[in-house]
Amino acid sequence: GLYVIAGVFYTVSQLSAAEVFYRESRAARGVTRQRYRYVFAGTIAGLYLRPFGARDWQVALAGALAAWALGEIESPAAVPGLVQTLTDSDVEVRRQSAWALGEIEHATGVNSLVLALKDSDWQVRRTAAWALGEIEDPAAIDALVARRSAARKSRDFAGSDRIRDELAAHGVVLEDGPAGTSWRWR
C-alpha cells in the first residue's frame, strides 16, 4: 500500500523506517513533545525516504524540511547527508543544510561550509558563515578570516563587517596588522 503525505507517495516500509529512526533520535536527544510532529514529518519527508511520483517543488520542500529536522535532532550521524545537500540545486535546501550543520556543531562539516561561502545565493553564504561561527573550530575561524580579508580586498566592507561581527559574537577578536589579520579568543 501507498500513503500520501503532502502530495508525496510513500510505502509502508518507508514510513516505518522513518518512524523507527525518529523515535530513536528523539529518545537520544530529548526532543520536546511539542516539536515531535514537525520533526517526524520532516524526517519522513526527506533524507531518509526517497519520494516517488513527487513534483520538483515537493521534493525541494521535503529536502528543506528534512535538513531542518536533522538540525533539530542535532545528530552527528546526519552530517554526511547534510554535507551532500549543501550542493543541492534548490537554494532553500542548501540554506537549511548549512543551518543544520551549524546546529550540530560538528567539525566534519567545516570544509563543505567553507565551500558554501562561495555559493551563488547570499542567504546560503550568510548561513554558512553563521554555521562556521557556531562550530568554533580553528579551521572554520581561519576560513572566515580569509573570507573577510577577501571581502576587504574587494572593497566589500559591509560583508567584511558582517563576518567580523559574527566572529565577535562567538568570542573571536580580530586584529588587523601589516602582516594581515590574526585572531584570538576573547
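Throughout, residue positions are numbered sequentially from 1 according to the sequence presented.
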Nearest atoms (heavy-atom pairs only) where Ser149 meets Thr181:
OG-OG1, 3.9 Å

Gap between atom CD1 of Ile141 and atom CD1 of Ile163 - 0.5 Å precision:
13.0 Å

May I ask you to decide if Leu82's main-chain N or O and Thr85's side chain share a donor-acceptor pair within less than 3.5 Å?
yes

Is there a side chain to side chain contact (heavy atoms under 4.5 Å, CB included) between Val83 and Thr108? Walk through the geometry before answering.
CA-CA 9 Å; Val83 163; Thr108 306; 5.6 Å; no

Show your working on side chain to side chain contact (heavy atoms under 4.5 Å, CB included) between Leu101 and Leu86 and close with a plain yes or no.
CA-CA 10 Å; Leu101 288 167; Leu86 274 176; 3.6 Å; yes

Here the gap from Arg126 atom CZ to Arg95 atom CZ, rounded to the nearest 0.5 Å, amounts to 11.0 Å

Taking His170 for the side chain and Val172 for the main chain, is one N or O donor matched with an acceptor at less than 3.5 Å?
no

Which is it for Gln96 and Asp90 under the side chain to side chain contact (heavy atoms under 4.5 Å, CB included) test, yes or no, and what are the steps along the way?
CA-CA 10 Å; Gln96 287 291 343; Asp90 185 79; over 6 Å; no

Contact summary for Ser160 and Ala151, nearest pair of heavy atoms
N-CB, 3.9 Å

Using modelled atom types only, decide if a donor and an acceptor are shared between the side chain of Ser97 and the backbone of Val93 within a distance under 3.5 Å.
yes

To the closest 0.5 Å, what do you measure between CH2 (Trp130) and CD1 (Ile135)?
9.0 Å

From CD (Glu134) to OG1 (Thr127), nearest 0.5 Å:
11.5 Å

Mind listing the closest non-hydrogen atom pair of Ala143 and Val114 along with its distance?
CB-CG2, 3.2 Å

Sequence neighbours excluded, the answer for ring-ring contact (aromatic ring centres under 6.0 Å, His included) partners of Trp122 is none

Test Arg148 against Leu174 for side chain to side chain contact (heavy atoms under 4.5 Å, CB included), laying out the working first.
CA-CA 10 Å; Arg148 178 178 175 265; Leu174 297 180; 3.4 Å; yes

So CZ of Arg152 and CZ of Phe157: to nearest 0.5 Å the spacing works out to 7.0 Å

Crowded around Gln84 CD? As in, over 12 foreign heavy atoms under 6.0 Å?
no

Applying salt bridge (charged side-chain N to carboxylate O under 4.0 Å, His left out), can you list everything that pairs with Asp119, at least two apart in sequence or on another chain?
Arg94

Taking all heavy atoms of Pro76 and all of His106, pick out the closest pair and write down the distance.
CB-CD2, 3.7 Å

Do you reckon Val124 sits in the same ILVMFWY cluster as Trp99, going by side-chain contacts under 4.5 Å, direct or chained?
no

Taking salt bridge (charged side-chain N to carboxylate O under 4.0 Å, His left out) as the definition, give me every residue that meets it alongside Arg147, ordered by chain and number, with sequence neighbours left out.
none

d(Leu167 CG, Trp185 CH2) to nearest 0.5 Å is 8.5 Å

Minimal non-hydrogen separation, Leu113 against Ala131, with atom names
CD1-CB, 3.8 Å

List the atom of Arg164, the atom of Asp161, and the distance in Å for their closest heavy-atom pair.
NH1-OD1, 3.1 Å

Should the pair Asp165-Arg162 be classified as a salt bridge under the 4.0 Å nitrogen-to-oxygen rule?
no

